[in-house]
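Computation of the quantities below employed the complete heavy-atom set of this structure, encompassing side-chain atoms and omitting hydrogens, waters and symmetry-equivalent molecules. If you read the sequence from its start, that first residue is 1, and numbering goes on from there.
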Amino acid sequence: CYRLLQMSSHYNVIFKRVDSVKAATEFVQSLKSDKVFGQGIKHVTISGHGNPTTLVLGSDSLLSQQVAMKTSETAKLLDALRPMLIEQGEA
């Protein structure tokens with residue numbers, strides 16, 4: 001949290017808490033039409049549970065081998081985020 005608070009003094013920062021993976025995906029998709037945030041995302045923090053091979057967000061779980069399948073809500077969230085992320089050197 002400290003790092004995110006420090007970033008807020010240099011960047012536009014949004015802290016968003018959602019109640020489901022689907023709500024998070026909808027929020028990410030809504031950012032695409034925003035004049036400021038639609039230009040790209042430099043840092044994303046997603047909090048969940050899991051282990052080295054599984055990510056659990058809410059009631060949805062995603063095994064590492066399922067990421068490319070885009071069948072779970074979590075995979076859809078990651079797919080929505082991917083084109084918005086600013087890679088190093090672009091910002």
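- To the nearest 0.5 Å, atoms CD1 (I41) and CD1 (I86) are separated by 8.5 Å.
- Closest non-hydrogen pair, T25 versus A80, comes out as CG2-CB, 4.2 Å.
- Under a hydrophobic-cluster definition in which Ile, Leu, Val, Met, Phe, Trp and Tyr are linked whenever side-chain heavy atoms come within less than 4.5 Å, directly or via other members, L81 and V56 are assigned to different clusters.
- Nearest approach of V18 to A23, heavy atoms of both residues: CB-CB, 4.0 Å.
- Atom CG of residue L31 and atom CD of residue E26 lie 12.5 Å apart, to the nearest 0.5 angstrom.
- Contact record, M84 with V28: SD-O, 3.7 Å, taken as the closest heavy-atom pair.
- For T53, the side-chain hydrogen bond (donor to acceptor under 3.5 Å, both in side chains) criterion is met by N51, not counting sequence neighbours.
- Atom NZ in K22 sits 13.5 Å away from atom CG in L77 (nearest 0.5 Å).
- R82 and D79 are joined by a salt bridge, as a carboxylate oxygen and a charged side-chain nitrogen come within less than 4.0 angstrom of each other.
- Expressed to the nearest 0.5 Å, how far OG of S47 lies from CZ of R17 amounts to 9.5 Å.
- In this structure, NE2 on H49 lies 9.0 Å from CG on L57, to the nearest 0.5 angstrom.
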